[in-house]
Amino acid sequence: MAMRWKNRGSIVRNALGLGLGVGLLLAATPGIASDAKGEGCAWFSGIEHCPLDASELYASEEGLVVKSTDGKQSGVTLDLKDASGWDAWLSPLEPDWDSRMVLTFTGTQPDGAPELLERVVVARSKEEDLGALYVDPSVHGASTYTVRGYNGGKLAFERFGVVPVQEKLAGPGGIAQASRLVAFPGKWSSGHSVIEGPNGETCTPGLDFPNPRPVRFPDRTFSVAVDLVTVQPEGVALKSRTLREVSLQGFGLESFTLQKEVRTP
């Protein structure tokens with residue numbers, strides 16, 4: 001499998017050194033421009049971002065802040081313009097009982113039509129009392145997943161046939177049904193996705209941690225310590241060849257910050 005995140009360590013995780021305070025105009029910030037097509041939209045890291053729901057975008061010393069205007073949820077959608085991969089580094093977030101992050105990946109089929117590829121949720125598991133990565137099998141009908149873990153860009157483990165466990169997530173927006181794939185302690189700090197192909201295309205999302213740690217599978221066994229985990233649905237053949245759009249929705253999160261992003265053509 002082609003691993004496209006080998007040089008993750010070279011990408012700055014900390015403040016981008018913009019040297020500008022909160023509230024300055026987006027157009028005044030290097031790498032952030034306000035001449036995007038939609039109202040309230042902005043360019044950041046060469047990618048167009050548009051606010052979702054009751055959200056607004058503005059620059060800070062760390063990067064692009066996505067802030068709720070109603071105190072309920074913050075969200076943003078990214079126009080990837082048919083990329084083959086995407087990486088985003090966030091200010092580290094620790095899942096708690098009152099919030100969850102939903103990442104939705106949309107592809108482009110050969111005829112140009114959009115295709116929902118994957119939806120993952122990062123939240124705190126009541127069953128595990130840990131942060132957890134959840135998947136939504138209803139997107140494509142997958143019943144098992146391949147989970148891979150990396151440390152320093154090198155494959156540390158590969159586990160096939162992982163069956164996610166159904167779990168109810170209580171929190172903002174009411175109770176949601178989700179399928180827990182892995183649980184982990186502490187914070188997470190980035191999201192990724194690549195289109196695997198050619199032929200038998202799948203969307204392979206992942207998230208990484210500020211420091212290596214083991215993850216726990218639904219059968220309660222632990223992996224070796226890793227700093228990146230990716231998940232891939234098994235037995236799924238999607239039509240899309242590229243990534244069209246990614247959205248991040250923080251339910252119960254007043255704000256979150258995108259420190260840096262990389263789009264792979």
Side-chain angles (χ1 to χ4, degrees), residues 15-16 18 20-29 31-45 47-80 86 88-106 114 116 118-126 131-136 138-139 167-178 180 187-191 193 205 207 244-261:
L16 295 178
L18 298 177
L20 298 175
V22 173
L24 291 184
L25 292 176
L26 293 172
T29 306
I32 303 180
S34 60
D35 57 348
K37 62 186 178 184
E39 183 177 353
C41 298
W43 288 89
F44 175 66
S45 291
I47 300 170
E48 186 180 33
H49 296 63
C50 291
L52 286 174
D53 305 312
S55 299
E56 62 180 0
L57 310 178
Y58 66 86
S60 78
E61 292 183 355
E62 288 193 45
L64 183 67
V65 178
V66 182
K67 183 175 175 20
S68 170
T69 58
D70 63 6
K72 296 179 181 178
Q73 65 186 65
S74 49
V76 65
T77 183
L78 291 64
D79 184 357
L80 295 180
W86 166 81
W89 282 258
L90 296 85
S91 294
L93 297 168
E94 183 161 6
D96 58 33
W97 305 115
D98 301 316
S99 66
R100 57 179 176 260
M101 178 71 81
V102 180
L103 294 90
T104 303
F105 304 90
T106 303
L116 180 60
E118 194 71 77
R119 183 182 293 115
V120 299
V121 181
V122 185
R124 192 161 192 87
S125 167
K126 186 176 181 180
L133 174 65
Y134 297 84
V135 292
D136 182 359
S138 69
V139 169
E167 187 176 321
K168 290 183 178 179
L169 296 177
I175 296 176
Q177 194 77 23
R180 173 170 40 85
K187 298 179 179 182
W188 64 289
S189 59
S190 69
S193 182
L207 59 83
R244 182 191 195 105
E245 181 181 284
V246 173
S247 68
L248 295 88
Q249 292 175 281
F251 295 91
L253 281 175
E254 184 176 342
S255 68
F256 60 91
T257 301
L258 292 163
Q259 295 183 325
K260 187 176 179 69
E261 291 177 83

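All residue numbers in this chain count up from 1 along the given sequence. A quick note: this is a predicted structure, and the numbers were derived from the prediction, not measured.
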Going from [atom1] on [X] to [atom2] on [Y], what distance comes out if it is rounded to the nearest 0.5 angstrom?
X	Y	atom1	atom2	answer
Asp79	Ser247	CG	OG	12.5 Å
Leu80	Glu261	CG	CD	8.0 Å
Glu245	Glu48	CD	CD	10.5 Å
Glu56	Ser74	CD	OG	10.5 Å
Glu62	Leu258	CD	CG	11.0 Å
Gln249	Leu103	CD	CG	9.5 Å

Q.
Determine whether Arg100 and Tyr134 satisfy the following criterion, side-chain contact (heavy atoms from CB on, under 4.5 Å), listing intermediate values before the conclusion.
A. CA-CA 10 Å; Arg100 57 179 176 260; Tyr134 297 84; over 6 Å; no

Is there a side-chain contact between [X] and [Y], using heavy atoms and a 4.5 Å cut-off?
X	Y	result
Ser255	Ser68	no
Leu133	Trp188	no
Leu78	Leu248	yes
Val246	Thr106	no
Phe105	Val120	yes

Write down the atom of [X], the atom of [Y], and the distance for their closest heavy-atom approach.
X	Y	value
Val139	Arg119	CG2-NH1, 3.8 Å
Leu52	Thr77	CG-N, 4.0 Å
Thr257	Ser60	CG2-OG, 4.4 Å
Ser190	Leu90	CA-CD1, 3.8 Å

Q: Carefully, step by step, assess Ile47 and Trp86 under the rule side-chain contact (heavy atoms from CB on, under 4.5 Å).
A: CA-CA 10 Å; Ile47 300 170; Trp86 166 81; 4.3 Å; yes

**Q.** Thr69 side chain to Ala54 backbone, donor-acceptor under 3.5 Å
**A.**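 Side chain of Thr69 to backbone of Ala54: a pair is present.
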
**Q.** Passing candidate, side-chain contact (heavy atoms from CB on, under 4.5 Å) with Phe251, options Val121, Val102, Asp98
**A.**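 Exactly one option meets the side-chain contact (heavy atoms from CB on, under 4.5 Å) with Phe251, and it is Val102.
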
Q: In sequence, state the C-alpha distance, the side-chain angles, and the governing distance for Glu167 and Ser125, and then conclude on side chain to side chain donor-acceptor pair (under 3.5 Å).
A: CA-CA 8 Å; Glu167 187 176 321; Ser125 167; 3.0 Å; yes

Q: Evaluate the criterion side chain to side chain donor-acceptor pair (under 3.5 Å) for residue pair Asp53 and Ser55; output intermediate values, then yes/no.
A: CA-CA 6 Å; Asp53 305 312; Ser55 299; 5.9 Å; no

